[in-house]
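The residues of the chain are indexed from 1 along the displayed sequence.
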Amino acid sequence: MGSRQVTSERTQVSSAFTTKRHDQLREKVRAFAESVVEPRVAGMEASRSVEVELAREIARQGWIGVTIGPRYGGMGLGHLAKTIIIEELSRVSGALGAMAQASMLGVAKILHFGTEEQKRRWLPGVAAGHYLPTIAVTEQSSGGHVLGMTSSARREGDEYVLNGRKVFVGNSHIGHLHGVVARTGPGSRGLSAFLVEADRPGFYLSDYRPTMGLNGFSFGELIFENCRIPAANRLGAEGEGLSVAYSSSVLYGRLNLAAVSLGIHQALLEETLQFVANRWHGEVALSNEPTVRQKLGAMQASLMTARVLAYHASHLLDEGVPCDAYLMNAKLQNVELSLDSARTAMEVHAAHGLSADRRLERLVRDAYHIYAPAGTSDVQRLRLAEVALQTTSHRSEWSELLASELRASSAALRAA
């Protein structure tokens, strides 16, 4: 791919929201992605196995701790910085961008629901790159219906005994600390959240199975068979598991996935521009064909819209402004627009785009992987309809309930 300068469009959008520290961070992540990650992408595609060492190298940069405050050894740069890190990694490798965002999602549950003791025990290690956290909510039989889960956690003295399975867990096979939501009682107040170390007796991993895209990213199943954990590993009060699941998904998951889509989207446009610059239709350069230019213009417009939505939502979240709807829309539009551009890129490349040795083929596969997690586009539209109809199920938005923490992080960033 080679080193590239930031496009003028990206610079203009960034300047409306970012500080100098954000811009420096972008340059650092881009340099790492192009020099360290890119040379290993082909090997990841060929082996289709979990990329462990690159994940560790990314963690050692301190980027997983971007939203962790300096008090616990983190960068304390907030959600816009998080978006930039994920975007730049995903531009080179959707798999590694997905890895980073999944661990950043795992951070959320500890930041917002962990006790001071839990934060001191785990967050410095996460920030230093020693531990990769995950969050495990989804089950095979219930899918996105969180209240339909059947995994259980039974209290026995000073311990809980976990039984059940979790699927589609990001970083399943490389995570050290799994945030697991399980049923401790009936109804919506019968879910609780726990921190489960990967070396606990009774914890197992299913065999890793490669997926359509994001080769190198583990996205698998966790199994609990009479897995005992200390009661001190419970996150929040018993019965707060639904809040842990929903708040992590809304505040982190949707924006994180928007950032992955954004990075892939940028790569789709760059790949298409490179293709048309080197091909001719008779005596006319492909880049000068009116039909091709229409398609390039559509891709550029989509990318510009997607970036503004992602950065604006990130900025609102950093400011502690109620913005759940903007987070939903950022995920919805980034996914849909990137898929539109993926199809347009394939139209421009025509049969050339079908070749498995071309980068475009990988980018298209990776783009489709971002559709379902944290709610499909249909789910986002349903939630946005609730906003329009003023029939939202929560009294307050998650971004409002946690606004004091977010505002404190934003104030620390401005003071730095």
Side-chain angles (χ1 to χ4, degrees), residues 50 52 55 102-103 105-110 112-115 117-123 125-126 130-209 211 217-249 253 373:
V50 177
V52 178
S103 282
L105 174 59
V107 166
K109 62 189 182 296
I110 306 174
H112 298 303
F113 291 91
T115 64
E117 181 181 352
Q118 289 169 337
K119 291 177 182 178
R120 289 186 179 278
R121 179 182 178 188
W122 292 111
L123 292 182
V126 171
H130 302 319
Y131 310 119
L132 288 174
T134 77
I135 189 163
V137 178
T138 305
E139 297 184 4
Q140 192 72 264
S141 60
S142 56
H145 177 47
V146 177
L147 291 178
M149 73 172 59
T150 59
S151 292
S152 64
R154 184 181 71 256
R155 182 76 181 253
E156 289 189 1
D158 292 332
E159 294 181 316
Y160 282 89
V161 183
L162 273 63
N163 282 283
R165 293 172 177 247
K166 297 292 181 180
V167 296
F168 306 138
V169 178
N171 290 341
S172 53
H173 285 63
I174 62 173
H176 303 91
L177 185 66
H178 302 288
V180 181
V181 179
R183 188 161 287 288
T184 51
S188 61
R189 295 191 178 277
L191 301 180
S192 302
F194 305 90
L195 293 171
V196 183
E197 299 95 330
D199 59 357
R200 284 275 168 191
F203 168 78
Y204 306 96
L205 291 166
S206 65
D207 292 338
Y208 172 71
R209 294 185 297 175
T211 53
F217 174 57
S218 61
F219 190 51
E221 182 179 33
L222 312 184
I223 304 169
F224 305 93
E225 295 180 356
N226 293 320
C227 179
R228 291 182 174 271
I229 60 169
N233 279 28
R234 190 186 67 216
L235 274 171
E238 190 166 294
E240 281 194 315
L242 191 63
S243 294
V244 173
Y246 279 173
S247 64
S248 296
S249 176

Nearest heavy-atom approach of A136 to V169 is CB-CG2, 3.8 Å
Side chain E139, main chain G148, donor-acceptor under 3.5 Å:
no
Restricting to non-hydrogen atoms, name the atom on V196 and the atom on C227 that form the minimum distance, rounded to 0.1 Å.
CG1-SG, 4.1 Å
According to salt bridge (charged side-chain N to carboxylate O under 4.0 Å, His left out), who are the partners of R121, at least two apart in sequence or on a separate chain?
E197
Donor-acceptor contact below 3.5 Å, side chain E159 vs main chain E156
no
Mind checking side-chain hydrogen bond (donor to acceptor under 3.5 Å, both in side chains) for S192 and listing every partner two or more places apart, or none if nothing turns up?
T184
Between D158 (side chain only) and A231 (backbone N and O only), is there a donor and an acceptor less than 3.5 Å apart?
no
I'd like to know if the side chain of K166 and the backbone of I135 have a donor-acceptor N/O pair within less than 3.5 Å.
no
With sequence neighbours excluded, what pairs up with F203 under the ring-ring contact (aromatic ring centres under 6.0 Å, His included) test?
H178, F224
Sub-3.5 Å donor-acceptor pair from the side chain of S151 to the main-chain atoms of G164, do we have one?
no
Find out whether L222 and L205 are in side-chain contact, i.e. whether some heavy atom of one side chain is under 4.5 Å from a heavy atom of the other.
yes
List for me each residue that meets side-chain hydrogen bond (donor to acceptor under 3.5 Å, both in side chains) alongside E225, sequence neighbours excluded, and say none if there are none.
none
Might you work through the side-chain hydrogen bond (donor to acceptor under 3.5 Å, both in side chains) test for T134 and N171, ending with a clear yes or no?
CA-CA 6 Å; T134 77; N171 290 341; over 6 Å; no
Ignoring hydrogens, what is the shortest heavy-atom contact between L105 and S249? Give both atom names and the distance.
CD1-N, 4.4 Å
Once you round to the nearest 0.5 Å, how far does CH2 of W122 lie from NE2 of H130?
12.5 Å
With a 4.5 Å cut-off on side-chain heavy atoms, are L147 and L191 touching?
yes
So, applying side-chain contact (heavy atoms from CB on, under 4.5 Å) with L177, which one of L132, N233, I110, V126 is it?
I110
F113 versus S247, closest heavy-atom pair with distance:
CE1-OG, 3.1 Å
Do T150 and R183 come close enough that some side-chain heavy atom pair is under 4.5 Å?
no
Which atom pair, heavy atoms only, marks the closest approach of L195 to I229?
O-CD1, 4.2 Å
Non-neighbouring partners of F219 that pass ring-ring contact (aromatic ring centres under 6.0 Å, His included), sequence neighbours left out
F168, F217
For P230 against R200, the heavy-atom pair lying closest together
CD-NH2, 3.2 Å
Using a strict 4.0 Å threshold on nitrogen-to-oxygen distance, state whether E221 and R209 make a salt bridge.
no
Sequence-distant partners of H173, ring-ring contact (aromatic ring centres under 6.0 Å, His included), two or more places apart
Y208
To the nearest 0.5 Å, how far apart are CD in E238 and OH in Y160?
3.5 Å
Checking R155 side chain against G157 main chain: does a donor-acceptor pair fall under 3.5 Å?
yes
Measure the spacing between OG of S103 and NE2 of H176 and express it to the nearest 0.5 Å.
9.0 Å
